[in-house]
Amino acid sequence: MSLTIPAARSDADPAPDHGRSPALARRVRAAARQDGAAHALALLHAATLPGVLPAGPGGHALIPETVAAAASRYDTPAGPRPRRPGTGEELLARLPLPGGENLVALRIPGAGPGPDGGATWAEGLVALRLGLAERALREATDRLKDRTVQGTVMLHLPLVRALVADAACGLAEAAALTSAPAGHRDPAELRRAHRALDESGRACLHLLGAAGFASGGTGDLVRASELLADTYAPPPPVPEGDRP
């Protein structure tokens with residue numbers, strides 16, 4: 001069984017309007033697929049919120065350690081504010097990535113998606129996660145294509161083929177849900193795209209078996225991708241009966 005993952009078209013043109021550009025999405029997706037999470041996050045950050053910590057709806061941030069160190073402000077619903085002692089900023093964890101880079105998880109009271117680049121950062125993350133999912137599926141299938149069980153190549157086994165199909169379907173669903181022009185995407189569709197990518201990543205972990213739990217490999221990439229969704233995905237709407 002052979003697997004070809006469609007490549008995102010590259011585009012070197014600058015991304016206008018705070019990164020609301022299909023060209024940026026293609027670049028971020030390609031960077032994630034080819035170079036991994038840290039490089040793609042740095043690219044997306046420079047195009048959408050340079051110098052500002054991007055924050056999710058819960059006031060959390062998950063970004064490369066080098067980006068966090070260089071940011072002098074953090075995003076809030078009212079716009080960026082300076083990072084100063086006494087704001088309550090808290091380092092929650094460091095998340096190692098393949099290649100030696102780290103993501104840092106931060107919590108800042110009052111932080112959240114801002115009016116300028118917050119929405120485009122959140123939208124760009126779907127393209128970034130799509131590239132990471134493509135990378136994870138490629139690495140999982142590369143690992144299995146030369147392995148055999150009782151003389152049968154593992155990629156030819158029905159259960160393995162089904163898992164590959166599940167992972168590929170998640171990629172296709174996420175790509176379809178985010179095909180609308182940037183800035184015009186329904187938050188519900190972004191949430192569905194994130195769920196589809198979660199399922200694709202978990203299918204890759206099943207394909208990897210025990211190797212998916214080893215540090216420094218594809219499993220770290222899948223877990224980082226899912227944590228990015230937990231941090232930045234649009235929150236579900238509050239049920240009407242629970243509204244104040």
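In this chain, numbering begins with 1 at the start of the sequence shown. Remember, it's a predicted structure, so these values are computed and weren't measured experimentally.
Between the side chain of Arg147 and the backbone N or O of Val153, no donor-acceptor pair lies under 3.5 Å. Formation of a donor-acceptor pair under 3.5 Å by the Thr141 side chain with backbone atoms of Leu137 is found in this model. Judged purely by atom type and a 3.5 angstrom limit, Ser200 uses its side chain to pair as donor or acceptor with the backbone of Ala167. His60 places a side-chain N or O within donor-acceptor distance of the main-chain N or O of Gly58, the cut-off being under 3.5 Å. A donor-acceptor pair is defined here as one N or O able to donate and one able to accept, closer than 3.5 Å; no such pair exists between the side chain of Arg73 and the backbone of Pro82. Not a single donor-acceptor pair under 3.5 Å links the side chain of Asp75 to the backbone N or O of Pro113. The main-chain N or O of Leu44 is found under 3.5 Å from a side-chain atom of Thr48 such that the two form a donor-acceptor pair.
Note that NE2 of His156 is 11.5 Å distant from OG1 of Thr148, once rounded to the nearest 0.5 Å. Note: Leu128 CG to His39 NE2 = 10.5 Å, rounded to the nearest 0.5 Å. The structure places CZ of Arg29 at 14.5 Å from CZ of Arg135, a figure rounded to the nearest 0.5 Å. Rounded to the nearest 0.5 angstrom, Asp35 CG and Glu101 CD are separated by 9.5 Å. Rounding to the nearest 0.5 angstrom, the gap separating the OH atom in Tyr74 from the CG atom in Leu106 is 12.5 Å. Atom CG in Leu62 sits 4.5 Å away from atom OG1 in Thr231 (nearest 0.5 Å).
For the pair Thr152 and Gln150, the minimum side-chain heavy-atom distance is 4.5 Å or more. Between Arg83 and Leu53, some side-chain heavy-atom pair lies under the 4.5 Å cut-off. Between Trp121 and His45 there is a side-chain heavy-atom pair separated by less than 4.5 Å.
Using a cut-off of 4.0 Å between Lys/Arg side-chain N and Asp/Glu carboxylate O, Arg129 and Asp198 are scored as salt-bridged. Checked for salt-bridge contact, Arg107 and Glu89 miss the test: no charged N lies under 4.0 Å from a carboxylate O. A salt bridge between Glu226 and Arg202 is present, with a side-chain N of the basic residue lying under 4.0 Å from a carboxylate O of the acidic one.
Considering only residues two or more places apart in sequence or on other chains, Val126 meets the side chain to side chain contact (heavy atoms under 4.5 Å, CB included) condition with Thr178, Leu190, Ala193, His194, Leu197.
Listed here is the closest heavy atom pair of Leu103 and Pro64: CD2-N, 3.6 Å. The minimum heavy-atom distance linking Ala111 with Ala55 is given by the pair CB-CB, 3.6 Å. Pro77 and Gly110 get closest at one heavy-atom pair: CD-O, 3.8 Å.
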### Message
Between Val28 and Leu41, does the side-chain contact (heavy atoms from CB on, under 4.5 Å) criterion hold? Intermediate values first, please.
### Response
CA-CA 8 Å; Val28 168; Leu41 284 166; over 6 Å; no
#### Entry: Verdict with reasoning, Leu95 to Asn102, per side-chain contact (heavy atoms from CB on, under 4.5 Å)
CA-CA 5 Å; Leu95 181 68; Asn102 288 320; over 6 Å; no
#### Entry: CA sep, side-chain torsions, deciding dist, call: Leu43, Arg27, side-chain contact (heavy atoms from CB on, under 4.5 Å)
CA-CA 8 Å; Leu43 173 64; Arg27 288 198 301 274; 4.1 Å; yes
### Query
Stepwise, does the side-chain contact (heavy atoms from CB on, under 4.5 Å) test hold for Met154 with Arg143?
CA-CA 10 Å; Met154 290 189 71; Arg143 177 179 173 81; over 6 Å; no
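Under the 4.5 Å side-chain contact rule for hydrophobic residues, Leu159 and Val164 do not share a cluster. Connection of Leu177 to Leu171 is not established within any shared hydrophobic cluster, with ILVMFWY side chains joined at heavy-atom distances below 4.5 Å, either directly or through further cluster members.
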For residues 203-224, dump all side-chain donor-acceptor pairs below 3.5 Å to protein atoms at least two apart in sequence or in another chain.
| unit_1 | atom_1 | unit_2 | atom_2 | d |
| --- | --- | --- | --- | --- |
| Thr218 | OG1 | Glu139 | OE1 | 2.5 |
| Asp220 | OD1 | Arg223 | NH2 | 3.2 |
| Asp220 | OD2 | Gly216 | N | 2.6 |
| Arg223 | NH1 | Gly212 | O | 3.2 |
| Arg223 | NH2 | Gly212 | O | 3.4 |

